[in-house]
Amino acid sequence: MNLFREIREDILAELAAMMQEGALPAGLSLDNVAVEPPRDPAHGDMASNAAMVLARPAAMKPRDIAAALAQRLEGHARIARAEVAGPGFLNLRLAPEVWGELVEAILAAPDAYGRSRMGRGQRVNVEYVSANPTGPLHVGHSRGAVFGDALAALLEYSGHEVTREYYINDGGAQVDVLARSVYERYREALGHAPEIGEGLYPGDYLVPVGKALAEKVGSRWLGQPEEVWLAEVRAFAIEAMMRLIREDLALLGVEMDNFFSEKSLYDSGRIEAAIEALREQGLIYQGVLEPPRGKMPEDWEPREQTLFRSTAHGDDVDRPIQKSDGSWTYFAPDIAYHFDKISRGFDRLVDVFGADHGGYVKRMKAAVSALSGGKVPLDIKLIQLVRLFRDGEPFRMSKRAGNFITLRDVVERVGADVTRFVMLTRKNDAPLDFDLARVLEQSRDNPVFYVQYAHARVRSVMRKAEAAGISPGAPLIEDAAEVTLAKKLAEWPRLVEIAARGHEPHRIAFYLYELASDFHALYNRGNDRPELRFLQDDAAATSAKIALPLAVSIVISAGLGILGVTPVEEMR
RNA sequence: GCUCGCGUAGCUCAGCUGGAUAGAGUGUCGCCCUCCGAAGGCGAAGGUCACAGGUUCGAAUCCUGUCGCGAGCGCCA
């Protein structure tokens, strides 16, 4: 049941009838007709802009259209009153029994309420994390991981078929650096002092990897030149790092459907194939780029390179795909990777990148646009920085080389549920302050606690009702605080679609906070007015009262499910 | 210099494909404790939505420009 959609359909049907009867010109587009919760509850339960968006194409006065529409709508059973306001708003007040029907519908199909078919089964690939396989995940990665994971769940919830994917950067120079770093730890394990020079990864996490390697191959690579061992050490190290990363992701409850290896592109000629696809469109050429305007690099000199004409698809300058020595730039395998995604038949692609990849967005979109003939939209979500605090003070771990704040540090400190929820309480393109102490506070300004607390309160009430042998019955929703809460529940399906359409999982978190707030308001009102309490002396009254909180817990549970947070039964 | 993001209450932030008198939390002030907690609730005060133009019935939202903050900026991944 989606009340907003249903009432919108009622309005569309009346508008169609008006066109049929000549009260409106035929053939008007109704796409922009919206039904929304009004800003001010005094305006009623729902508001529509129908008359205002149709006024111009119909060449009529908005208030005239609204008045005619209002008169027709008042004949509907669910609409108690329809009135025209302001420049031509249509304000609707719904029949009181609608709220009880809504709650009943939620209880009748708890798993279905809020789910949407908006995605029409479209296949979406969400790529996230994709951290270099050179070490454990750090805090910044965890925000991307949580965001991508919640977005994937949100898209599934709204009717998409989602693949969660991780791109392993195992083809570039940094995995060679990893191999050399592990080699030093290997020597260390065999009793030699490691020489961890400038540019190698110094982190302790490589010590056990070197040890494992030593156990596996013994001393046969000691004193050997790099050509002998590099490839094998690299493969060994990458595998160890990916195991580490999977463990880190598992700590957060993130599980990928697919890990895609960059290296597999090099080995298989697929980069050449992707570039060839662009070449066929005349988008590949040999050329010399203009020097960057303004800031002239010291060592700049014109060089001929293989370039991708990304400007033909909205980029600012064409981009090199081959270095002057003929080897690929990083962009080339990325093109091939996205070409692969397209050829796997995805209808839409989403990339979740760190904000430092901002300069990469236009060229990537250009490549996808060219390779898919403009048919596959690519949305790139840039995740801004996480700033760690503790009790308001910037939080820094020892600056000792290689020792940084990891995902594991944070999750072990505050738990996966708290980490996930808090990471989603800001939109992705705004920086996030994460206070390791405050996120554990039990107070209203901690949204995790506040939402969990609402759920725990309902569960407690339900346990007591069950103990008394009372089950929820036909809901009775009369008081203003009850109606406010029911209205908030009515917004859920609509909110899911808005959040899914915009790829904005943070909206779910904010909604849950508002829902919890309306719930706590009603709950506390019971302190002064015993007739509003859920548990009444009379069993029949209790049965009618507990339906609404139960519906609230169902929606909280569904929302937390999208965010990947476990709803709790009671507060510690 | 160019590109992208951001600029909303003292502070931290929401704000839907453009809608009515711009909303929360926090802080300040007033009132309120037996259903799970006053770790809370109710109410009040608090705004030139950075600035200047434009588009239109209507702009925090779209467009142009300016200012401020952050990030990125030819063979680095």
Side-chain angles (χ1 to χ4, degrees), chain A residues 31-32 34 36-40 42-43 47 49 52-53 55-56 61-62 85-89 91 132 134 169 171-175 177 262 288-297 299-307 315-331 334 354-362 382 384-385 425-427 429-431 433 441-447 449-450 453 456-461 464 494-495 497-499 501-502 504 506-507 509-511 513-514 517 520-528 530 532-536 570-571:
Chain A
D31 292 347
N32 290 328
E36 306 173 319
R39 282 264 157 90
D40 185 346
H43 291 140
N49 62 354
M52 287 182 291
V53 299
R56 177 179 284 270
K61 289 187 179 132
F89 278 101
N91 288 336
N132 289 338
T134 54
N169 289 107
Q174 79 280 34
V175 285
V177 175
E262 176 194 0
V288 178
L289 283 176
E290 294 285 311
R293 274 176 286 182
K295 184 196 76 177
M296 171 68 84
D299 59 344
W300 195 91
E301 54 183 271
R303 290 205 177 111
E304 191 176 87
Q305 294 171 271
T306 310
L307 301 172
D315 201 357
D316 304 315
V317 290
D318 293 340
R319 305 292 178 173
I321 53 166
Q322 252 175 345
K323 304 174 191 173
S324 51
D325 69 2
S327 64
W328 299 116
T329 64
Y330 182 79
F331 187 33
D334 258 1
D356 53 343
H357 286 64
Y360 220 64
V361 170
K362 282 188 178 177
L382 295 180
Q384 277 293 343
L385 293 178
T425 51
R426 204 104 311 170
K427 39 187 185 198
D429 47 16
D433 290 350
E441 271 174 22
Q442 300 198 347
S443 71
R444 179 165 190 164
D445 62 333
N446 178 1
F449 165 76
Y450 200 63
Y453 185 30
R457 274 183 151 172
V458 176
R459 297 312 307 162
S460 170
V461 166
K464 287 188 178 173
R494 183 172 175 274
L495 181 108
E497 295 196 349
I498 290 170
R501 197 185 308 125
E504 296 170 326
H506 74 276
R507 287 182 189 272
F510 280 96
Y511 169 83
Y513 183 80
E514 289 167 15
S517 176
H520 288 305
L522 173 61
Y523 187 98
N524 287 298
R525 208 159 278 215
N527 288 333
D528 296 331
L532 289 181
R533 296 179 184 184
F534 305 131
L535 300 172
Q536 299 284 327
E570 54 188 344
M571 303 309 292

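Proteins get letters first, then strands, A, B, ... in listed order; numbering begins at 1 in each.
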Heavy-atom side-chain proximity of Thr134(A) to Val177(A) below 4.5 angstrom: no

Result for 5'-nearest mapping on RNA chain B, choosing between His357(A) and Ala456(A), is Ala456(A)

Can you tell me how far P in rG46(B) sits from the matching atom in rA9(B), rounded to whole Å? 15 Å

Rounded to whole Å, the CZ-C1' distance (Phe449(A) to rG25(B)) equals 15 Å

Whether Tyr450(A) contacts rG41(B) is assessed here as follows: a side-chain N or O lying under 4.0 Å from the phosphate OP1 or OP2. Is that the case? yes

Quick check for you: among rC16(B), rA14(B), rC6(B), whose closest atom lies nearest to any side-chain atom of Phe510(A)? rA14(B)

Would a 4.5 Å heavy-atom cut-off, applied to side chains only, mark Thr425(A) and Tyr513(A) as touching? no

Grab the CE-P distance between Met52(A) and rA20(B) for me, whole Å please. 9 Å

Hey, does Arg426(A) have a side-chain heavy atom less than 4.5 Å from the side chain of Pro431(A)? no

Can you check the distance between rU61(B) and rG43(B), where both ends of the measurement are the C1' atom (answer in whole Å)? 31 Å

For rA14(B) and rG25(B), measure between their C1' atoms and round to the nearest Å. 10 Å

Within this structure, what is the CG-to-P distance between Leu495(A) and rG15(B), rounded to whole angstrom? 11 Å

Relative to each other, are the rings of His506(A) and Phe510(A) parallel, tilted or perpendicular (30° and 60° limits)? perpendicular

Quick one: closest heavy-atom pair of Asp429(A) and Gln384(A), and the distance? O-CG, 3.3 Å

Quick one: stems for RNA chain B, with Watson-Crick or G-U pairs under 3.5 Å, at least three in a row? B:1-7 with B:67-73, B:10-13 with B:23-26, B:28-32 with B:40-44, B:50-54 with B:62-66

Identify which nucleotide among rA77(B), rA14(B), rC42(B) has an atom closest to any side-chain atom of Tyr360(A), counting heavy atoms from C-beta outward. rA77(B)

Scan Ala85(A) against the nucleic acid and name what it touches under 4.0 Å (heavy atoms): base, sugar-phosphate only, or nothing. base

Hey, does Ala47(A) reach any base, or is it just sugar-phosphate, or nothing, if we go heavy atoms under 4.0 Å? base

What nucleic acid atoms does Ala34(A) come within less than 4.0 Å of, heavy atoms only: base, sugar-phosphate, or nothing? base

Any idea which of rC16(B), rU56(B), rA77(B) is nearest the Asn132(A) side chain? rA77(B)

Nearest-0.5 Å distance that lies between atom CG in Asp334(A) and atom OH in Tyr360(A): 4.0 Å

Expressed in whole Å, how much space separates the P atoms belonging to rG27(B) and rG18(B)? 37 Å

Nearest to the side chain of Pro38(A), which nucleotide is it out of rA20(B), rC42(B), rC4(B)? rA20(B)

rC33(B) and rG47(B), which share atom name C1', separated by this distance in whole Å: 35 Å

In this structure, CG of Leu307(A) is separated from CZ of Arg319(A) (nearest 0.5 Å) by 10.5 Å

Atom P, compared across rU64(B) and rG74(B): separation rounded to whole Å: 25 Å

Nearest to side-chain heavy atoms of Lys362(A), which nucleotide of rC4(B), rU12(B), rC57(B): rC4(B)

Please identify each residue that fulfils side chain to side chain contact (heavy atoms under 4.5 Å, CB included) with Tyr511(A), with sequence neighbours left out. Lys488(A), Glu491(A), Trp492(A), Leu495(A), Leu515(A), Val555(A)

Which heavy-atom pair separates Asn49(A) from Ala34(A) by the least distance, and what is that distance? OD1-N, 2.8 Å

Just how far is it from atom CG of Leu532(A) to atom CG of Asn524(A), taken to the nearest 0.5 Å? 11.5 Å

What does Asn91(A) touch in the nucleic acid at a heavy-atom separation under 4.0 angstrom: a base, only the sugar-phosphate, or nothing? base

Below 4.0 angstrom from OP1 or OP2 of rC13(B), is there any side-chain N or O of Lys427(A)? no

What is the distance from OH of Tyr523(A) to C1' of rA38(B), rounded to the nearest Å? 14 Å

Assign Asp356(A) to base, sugar-phosphate, or nothing according to its heavy-atom contacts below 4.0 angstrom with the strands shown. sugar-phosphate

Pro320(A) near the nucleic acid: base, sugar-phosphate alone, or nothing, with a heavy-atom cut-off under 4.0 Å? sugar-phosphate

note: Leu382(A), atom CG; rG72(B), atom P; distance rounded to Å ~ 12 Å

Have a look at Arg457(A) and say if it touches a base, only the backbone sugar-phosphate, or nothing, with a 4.0 Å heavy-atom cut-off. sugar-phosphate

Inter-nucleotide P distance (rC63(B), rU56(B)), Å rounded: 16 Å

From the options rA20(B), rG5(B), rC42(B), select the nucleotide whose nearest atom is closest to the side chain of Asp429(A). rG5(B)

At under 4.0 Å between heavy atoms, what does Gly86(A) touch on the DNA or RNA strands: base, sugar-phosphate, or nothing? nothing

Tell me what Gly358(A) touches on the nucleic acid: a base, only sugar-phosphate, or nothing, going by heavy atoms under 4.0 Å. nothing

Within this structure, what is the CD-to-P distance between Glu262(A) and rC76(B), rounded to whole angstrom? 14 Å

Within this structure, what is the CG-to-C1' distance between Leu289(A) and rG74(B), rounded to whole angstrom? 6 Å

Is the distance from OP1 or OP2 of rG74(B) to the nearest side-chain N or O of Arg319(A) less than 4.0 Å? no

NA contact type, Ala355(A), heavy-atom cut-off 4.0 Å: base, sugar-phosphate, or nothing? sugar-phosphate

Would you please determine if the base of rG40(B) is stacked by His520(A), with stacking meaning a centroid separation under 5.5 angstrom and planes under 30 degrees? no

Separation between the C1' atoms of rA59(B) and rC16(B), rounded to whole Å: 15 Å

Working note: Glu504(A) + Arg507(A), criterion salt bridge (Lys or Arg N to Asp or Glu O under 4.0 Å); need CA distance, chi angles, decisive distance, verdict. CA-CA 6 Å; Glu504(A) 296 170 326; Arg507(A) 287 182 189 272; 2.6 Å; yes

Quick one: the side chain of Arg494(A) and the base of rC16(B), do they pair up donor-acceptor inside 3.5 Å? yes

Return the value, rounded to whole Å, for the distance between atom CZ of Phe534(A) and atom P of rU34(B). 17 Å

Could you run down the sub-3.5 Å N/O contacts of the protein with nucleotides 59-64 of chain B?
residue, atom, partner, partner atom, Å
rA60(B), N6, Arg39(A), NH2, 3.4

Could you tell me the separation between the CD atom of Gln174(A) and the OH atom of Tyr330(A), rounded to the nearest 0.5 Å? 7.5 Å

Arg426(A) has its side chain closest, among rA20(B), rC57(B), rU12(B), to rU12(B)

Side chains of Met52(A) and Pro87(A): does their closest heavy-atom pair fall under 4.5 Å? yes

